[in-house]
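To keep things clear, I will list the structure first and then write my remarks on it.
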2 protein chains.
Amino acid sequence: MVISSQNAPRNSLLSRMPPDDHAAILAVLERVELRRKDVLARPNEPLTHVHFLESGVASVVVGTRDRRRIEVGIIGSEGATGLPLLFDVDSTPHETFIQIDGEALRMSKAAFCGLIEQRPAFRKVMMRYAHIFQLFTAQTALSHGSYTLEERLARWLLMCHDRVEGDEFPITHEFLSVMLGVHRPGVTTTIHILEGAGTIRARRSHIEIVDREKLELIAGDSYGIPEAEYRRLITDDVVPEP
Amino acid sequence: MVISSQNAPRNSLLSRMPPDDHAAILAVLERVELRRKDVLARPNEPLTHVHFLESGVASVVVGTRDRRRIEVGIIGSEGATGLPLLFDVDSTPHETFIQIDGEALRMSKAAFCGLIEQRPAFRKVMMRYAHIFQLFTAQTALSHGSYTLEERLARWLLMCHDRVEGDEFPITHEFLSVMLGVHRPGVTTTIHILEGAGTIRARRSHIEIVDREKLELIAGDSYGIPEAEYRRLITDDVVPEP
DNA sequence: AACTTTATGTGCGTAATCGTACGTCTGGCT
DNA sequence: AGCCAGACGTACGATTACGCACATAAAGTT
């Protein structure tokens, strides 16, 4: 279906799974469409599936009773949702929803847990990814504590750019303000600054990355650490050939 | 030695390990002293041990080339250091050091990996803890993005209070400023505010919690979510008796 | 006791961001 | 063509925290 020699999966985690496990993984995957605002995991409700994104972007946010919300993780075709199931945890206070339309291959909780138990290599890839996801969350904490809105916005746009095809993607200031934990007018102003610097071009509900290098300069060290670890631990890790 | 019916381990994770695994775990543990500023894990250097704290407090911080540092995790007798080893990862960009003196039971990387492979119940307890550690990091990101310094300081003091015996612990404003990612004079001022409200008493290098309830009111929803999940997933989880 | 280190107290101009309130534009719908 | 909701632009006082600079004070050192 999806995993074969000619047709490699577009999800980076699936493409790193050892060949011996391909058939078992393939058998339990199901393709689904992802639309903006779709909720993949409701806070404190049982998780039902693990989604391996093939395109599009999902966000993991934490919220409180007093209505504050902030993004603590971002997922594209490099990752998967539903990590708590890997940890023998049935639900989490975090919410996962779709930020940018796309597609995913998903498997049920039962299928996922079965593979985790029976396929150590599958488990190892997922655990390495879980570690990197943790690094992303930590980097977000650092960003919110130590960097300006301009730097954080540059970081977010870079992370989004890493996860979409092409240089343009749909996103509203309103969404960005939730992601970054700031008020909406502040996003508008800061977008104009980045636009004035020639790094991006903004249209209604759309942002285009024009000069990625300059954006990376602006983001500074708020961007890059988890990304480097992903390359070291997953992309560059040697997988035995079939 | 440590794990026995009369002498339960003071580390909450070890005390949750299934009885069948006690002997195997006990055999590889070694007691060590922890002194302030001791480094348990250097950034990007191979991890050598997993430490199960029995007393004292450790901090996990992320730092950048441009000298910014911030705490992304805190560990006491409820947890353990070296989680990347659980994820099949040999090193991490984060640094772990001792914040408050104490003791730990540690095991070597090899011993830990062996137990992870051969003792599924041991692995499950560790994985649940790893999930909660992730929640702490996420909550920290939320705190830095959405709460004032006063609220964040109250949260940190509560988390520290949860991990020490008694109501007083040694901590300097300088350390707190690193933990919270703010400048040091800001900590001093905010400590005075909390002291003025009658919640704490501050001496040179020491802080005493006087009114915990009021401190929790000040911290608001910046405190409590990961703590509740720890209780749900670890403390209240039923473990088969010997 | 003099000295050094470490820790704390304080002030003040500046920058970043909030909170709030409007006004305007765009694209889809009827 | 007209309507409407969602998205964007702008302004401004208030608040929070930064970034210095410097004074004081407590503990350890010799």
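Convention: sequence-line order gives letters A, B, ...; per-chain numbering from 1.
Geometrically, A:Arg201 does not engage A:Phe169 in a cation-pi contact defined by less than 6.0 Å to the ring centre and at most 45° from the axis. For the pair A:Arg68 and B:Tyr147, the distance from NZ or CZ to the six-membered ring centre is under 6.0 Å and the angle to the ring normal is within 45 degrees.
Salt bridge A:Glu103/A:Arg31: present, at least one basic N to carboxylate O contact under 4.0 Å. Using a 4.0 Å cut-off between charged side-chain N and carboxylate O, A:Arg35 and A:Glu33 make a salt bridge.
Among the atoms of the strands shown, only primed sugar atoms or phosphate atoms (P, OP1, OP2) are found under 4.0 Å from some heavy atom of B:Arg36.
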**OP:** Run the numbers on B:Glu151 and B:Ser222 for side chain to side chain donor-acceptor pair (under 3.5 Å), then give the verdict.
**Re:** CA-CA 7 Å; B:Glu151 294 164 320; B:Ser222 74; over 6 Å; no
**OP:** Test A:Thr188 against A:Arg184 for side chain to side chain donor-acceptor pair (under 3.5 Å), laying out the working first.
**Re:** CA-CA 7 Å; A:Thr188 303; A:Arg184 205 268 311 152; 3.0 Å; yes
**OP:** Show the numbers, then the answer: is there a side chain to side chain donor-acceptor pair (under 3.5 Å) between A:Ser91 and B:Arg232?
**Re:** CA-CA 11 Å; A:Ser91 70; B:Arg232 179 173 80 91; 3.2 Å; yes
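The base of D:dG9 is paired with the side chain of A:Arg184 by a donor and an acceptor separated by under 3.5 Å.
The nearest whole Å value for the distance from the CD atom in A:Glu150 to the C1' atom in C:dA16 is 12 Å. The distance from atom NE2 of B:His144 to atom C1' of C:dT17 is 17 Å, rounded to the nearest whole Å. Whole-Å rounding puts the B:Glu174 CD to C:dA7 C1' distance at 9 Å. Atoms CG (A:Leu153) and P (C:dT17) sit 11 Å apart, rounded to a whole Å. A:Glu151 has its CD atom 14 Å from the P atom of D:dC18, to the nearest Å. Between B:Ile70 atom CD1 and D:dA17 atom P there is a gap of 13 Å when expressed in whole angstrom units. Distance A:His173 NE2 to C:dT26 P: 14 Å, rounded to the nearest Å. The NZ atom of A:Lys37 sits 8 Å away from the P atom of D:dG6 (whole-angstrom rounding).
Listed in residue order, the members of residues 189-210 of chain B having a heavy atom less than 4.0 Å from DNA chain C are B:His192, B:Arg204, B:Ser205.
Here the side chain of B:Thr172 is nearest to one of D:dC20, C:dA7, C:dC18, namely C:dA7.
Between B:His183 and D:dC18 there is a side-chain polar atom (N or O) within less than 4.0 angstrom of OP1 or OP2.
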